[in-house]
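Reviewing the structure listed below.
Just follow the structure's listing: the first ligand is 1, and inside any ligand the first atom is 1.
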Amino acid sequence: MLLLFVLFVVVYQWCFFKEEAIVDISLSEFKEAVEQEKVKSPITTQGRDITGQYKNGTKFKSFNEADSPLNDFLRKHNVLQIVKKEEGPSVLSSLLYSFLPIIILIVVFIFFIKRAQGQAGQAMSFGKAKTYEPQNKDKITFADVAGIDEAKEELQEIVDFLRHPKKLSRLGGKVPKGVLLMGAPGTGKTLLARAVAGEADARFYSIAGSEFVEMFVGVGASRVRDLFKTARQNIPCVLFIDEIDAVGRHRGAGYGGGNDEREQTLNQILSEMDGFAHDDAIIIIAATNRPDVLDPALLRPGRFDRQVVVAMPDIKGREAILKVHARGKIISKDVDFSKIARGTAGSSGADLENLCNEAALVAAKRDKKAIQQDDFEYAREKILMGKEKPMVISEEERRVIAVHESGHALLHLKCTRTNKLHKVSIIPRGIGALGVTLSLPEEDRFLMSRSQAREEVFVYLGGRAAEDVILGEITSGASNDLERATEFIKNMVGKWGMDEIIGLASFSSSGASPFLGKSLALHEGMSQGMQYKIEKRIKELLDQYYEKVKEIISDSKDKLNTLIDTLLERETLNAEEVIAILEG
Ligand code: ADP
Ligand code: ZN
């Protein structure tokens, strides 16, 4: 707006002060020009001012200082004279001219004030009831939710209740008013809530906990009131509160004041939930990924007393979810969903949906008629480790990379307890990964045995050991491997109690789960003597394992060389090809 305003002022000034090329001449010059017949007829006089135009188009202006009459002189030279009445600048125009900018400024100012008021008004509208619209445009049912069957089963009861609320209460059955869905982001909590509404033909209202937290104290509570009012007038319905931890945190926690708003909102939710009868066909479903921070009052009977864990999908679940999202896409017959599911451990439903869309994009880019297995694999790798991108790498470095990756691959095949080798590649993929040796687990694993852990370390060390044995030179390419190998041994010795010398003891600091981004901190609360012992042991083991790996590699040097050469030539080898080479 300000820019527009400035622009306007500039244009305005320019219009009114448009300077034309006007030459100022003296009276004698003017007379001379008339005598030489250079002046166009007619000229204009206004008081003593004379304005006119030369025959070549240039305008001029002069001033009759002597106030001598020019009539006879002009008539003699055949120049007509228009006499304009002498007048000051018009009152209106001068007024307008001097005040217009100020008027515009005031208008702009008023505009801004109005807008600001509008915004504040929105926040201040707690007297007015906000209306909520049901949000079930496209109907979602349990068929759209896959892989979380336990959660679905538990919610089936809720669906039955919403369909026939009187039936249950007549028999004296008690139906929960609230269900708390707990699970990591993207596991399908929102989807489940929608599906419950869809299955029961109920209306679906959704709001995020953070929407309750507003600038003004009291707004949140009034929103809750409006929401429940809307719900009561539209039964049967499902009321979904996402991220309930935004309002439902432990009351009294936090610093100083400023929690009033949240507490009021929470209290309002609780009292509204207490307020409606057991046979009202309303179900409140709340979702959170932080059940640990919730106020215990929320979990009391009669409130969110039904808690359903929405787990990350397992291998079967992932396959089912992939199939759900494959519906409506053209999938080639060669696609093996169970294999894709095997390679996507740790992915949530939302991740898998993303994978399906990515695969469709890849297939479209490659001008295919249907999405094929390799599209899925490409998409997975792309999501997993950044896009395959061309990078210029010297022959010498390519060889080092091939040696390194071959080392990993060889160890993978020798160590049968680790994940199955999937493929080896020396095509660089984005951030830092020059080559890659991919493996797939046979099934989801939840336990790690000692021999398995040891073999895991062997595989990590395989790259560096191959460089050492084959090239007689080591490179920095193994830094990430070393880091992970060390981390593994650290866990074996200091956390899992797997080492004979240190024995049964766990030194991981409490609560610091490595899966939450905090790595095992050995030094916390540990004596220096013990810390020294553990670190010494870790180093010993690492060296011991490295020697063992070097031995394995030296034993298969010839086969490894063949593998390296083939890899240099083909760039990517799958597991079957690697096995064929290593078996001669
Ligand atoms: P949350 O609410 O738990 O963060 P959402 O319900 O918003 O997760 O899930 C995001 C999307 O991921 C959904 O719209 C759905 O397409 C997909 N999705 C997640 N879980 C599943 C599942 N179990 N089955 C099918 N699709 C799923
Ligand atoms: Zn490596």
Side-chain angles (χ1 to χ4, degrees), residues 135 138 140-152 155 180-198 204 206-209 240-245 285-291 308-314 316-329 337 341 344 347-357 385 400-412 424-426 428 432-439 456-468 474-485 549:
Q135 304 168 336
D138 27 48
I140 288 173
T141 64
F142 277 162
D144 298 303
V145 188
I148 34 180
D149 296 334
E150 279 161 49
K152 257 172 23 182
L155 289 171
L180 182 65
L181 300 179
M182 306 183 289
T187 43
K189 299 183 290 296
T190 314
L191 192 71
L192 260 177
R194 275 179 191 278
V196 167
F204 181 78
S206 112
I207 190 165
F240 180 65
I241 307 177
D242 206 355
E243 311 161 31
I244 191 152
D245 39 300
I285 301 183
T288 180
N289 47 18
R290 299 289 317 272
V308 177
V309 175
V310 185
M312 280 292 220
D314 60 4
K316 287 246 170 58
R318 291 198 297 272
E319 187 177 341
I321 293 173
L322 283 168
K323 282 180 177 158
V324 165
H325 290 290
R327 282 191 317 215
K329 294 191 171 70
F337 283 112
T344 45
S347 303
S348 69
D351 295 334
L352 294 170
E353 183 187 17
N354 183 20
L355 174 70
C356 284
N357 291 332
M385 56 197 72
V400 176
I401 296 164
V403 168
H404 181 102
E405 297 305 330
S406 299
H408 283 310
L410 176 75
L411 263 294
H412 244 306
V424 207
S425 160
I426 55 166
L434 293 170
V436 68
T437 304
L438 284 173
S439 62
E456 222 51 77
V457 179
F458 282 4
V459 174
Y460 284 132
L461 294 176
R464 161 59 72 91
E467 291 177 27
D468 203 347
I474 48 180
T475 68
S476 62
S479 69
N480 189 255
D481 295 336
L482 280 184
E483 208 173 285
R484 292 213 229 169
V549 173

(request) Please check if any side-chain donor atom of His404 sits under 3.5 Å from a side-chain acceptor atom of His408, or the reverse. (result)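 On atom types as modelled, these side chains qualify, holding a pair under 3.5 Å.
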(request) Could you pull out all residues at least two apart from Thr288 that satisfy side-chain hydrogen bond (donor to acceptor under 3.5 Å, both in side chains)? (result)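 Partners of Thr288 by the side-chain hydrogen bond (donor to acceptor under 3.5 Å, both in side chains) criterion, ordered by chain and then number, come out as Asp245.
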Extract all N/O-N/O pairs under 3.5 Å that connect ligand 1 to the protein, and present each with both atom names and the distance rounded to 0.1 Å.
unit_1, atom_1, unit_2, atom_2, d
ligand 1, 2 (O), Thr190, N, 3.0
ligand 1, 2 (O), Thr190, OG1, 2.5
ligand 1, 3 (O), Thr187, N, 3.4
ligand 1, 3 (O), Gly188, N, 3.1
ligand 1, 3 (O), Lys189, N, 2.8
ligand 1, 3 (O), Lys189, NZ, 2.8
ligand 1, 4 (O), Gly186, N, 2.8
ligand 1, 6 (O), Lys189, N, 3.4
ligand 1, 6 (O), Thr190, N, 3.2
ligand 1, 6 (O), Leu191, N, 3.0
ligand 1, 8 (O), Gly188, N, 3.3
ligand 1, 12 (O), Ala350, N, 3.4
ligand 1, 12 (O), Glu353, OE1, 3.4
ligand 1, 16 (O), Glu353, OE1, 2.9
ligand 1, 16 (O), Glu353, OE2, 3.3
ligand 1, 20 (N), Thr187, O, 3.3
ligand 1, 23 (N), Ala146, O, 2.6
ligand 1, 24 (N), Ala146, N, 3.1
ligand 1, 26 (N), His325, NE2, 2.9

(request) With sequence neighbours left out, write down each residue that passes salt bridge (charged side-chain N to carboxylate O under 4.0 Å, His left out) with Glu319, or none if nothing qualifies. (result)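 Glu319 satisfies salt bridge (charged side-chain N to carboxylate O under 4.0 Å, His left out) with Lys323 once adjacent residues are dropped.
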(request) Could you list the residues that satisfy salt bridge (charged side-chain N to carboxylate O under 4.0 Å, His left out) with Asp468, not counting sequence neighbours? (result)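 Only Lys550 meet the salt bridge (charged side-chain N to carboxylate O under 4.0 Å, His left out) criterion with Asp468.
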(request) State the OG1-CD1 distance between Thr190 and Ile285, to the nearest 0.5 angstrom. (result)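 Taking OG1 in Thr190 and CD1 in Ile285, the distance rounds to 10.5 Å.
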(request) With rounding to the nearest 0.5 Å, note down the distance linking NZ in Lys329 to CZ in Arg327. (result)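 Reported value, rounded in 0.5 Å steps: 10.5 Å.
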(message) Below 2.8 Å, can you find an N, O or S atom of Glu405 next to the Zn ion (ligand 2)?
(response)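 It does not: Glu405 brings no N, O or S atom closer than 2.8 Å to the Zn ion (ligand 2).
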(request) Decide yes or no for Asn289 and Thr187: does some side-chain heavy atom of the first lie under 4.5 Å from some side-chain heavy atom of the second? (result)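 A side-chain contact is absent here, since even the closest heavy-atom pair is not under 4.5 Å.
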(message) With rounding to 10 degrees, what does the angle His408:NE2 / the Zn ion (ligand 2) / Asp481:OD2 come to?
(response)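 Approximately 90° at the metal, rounded to tens of degrees.
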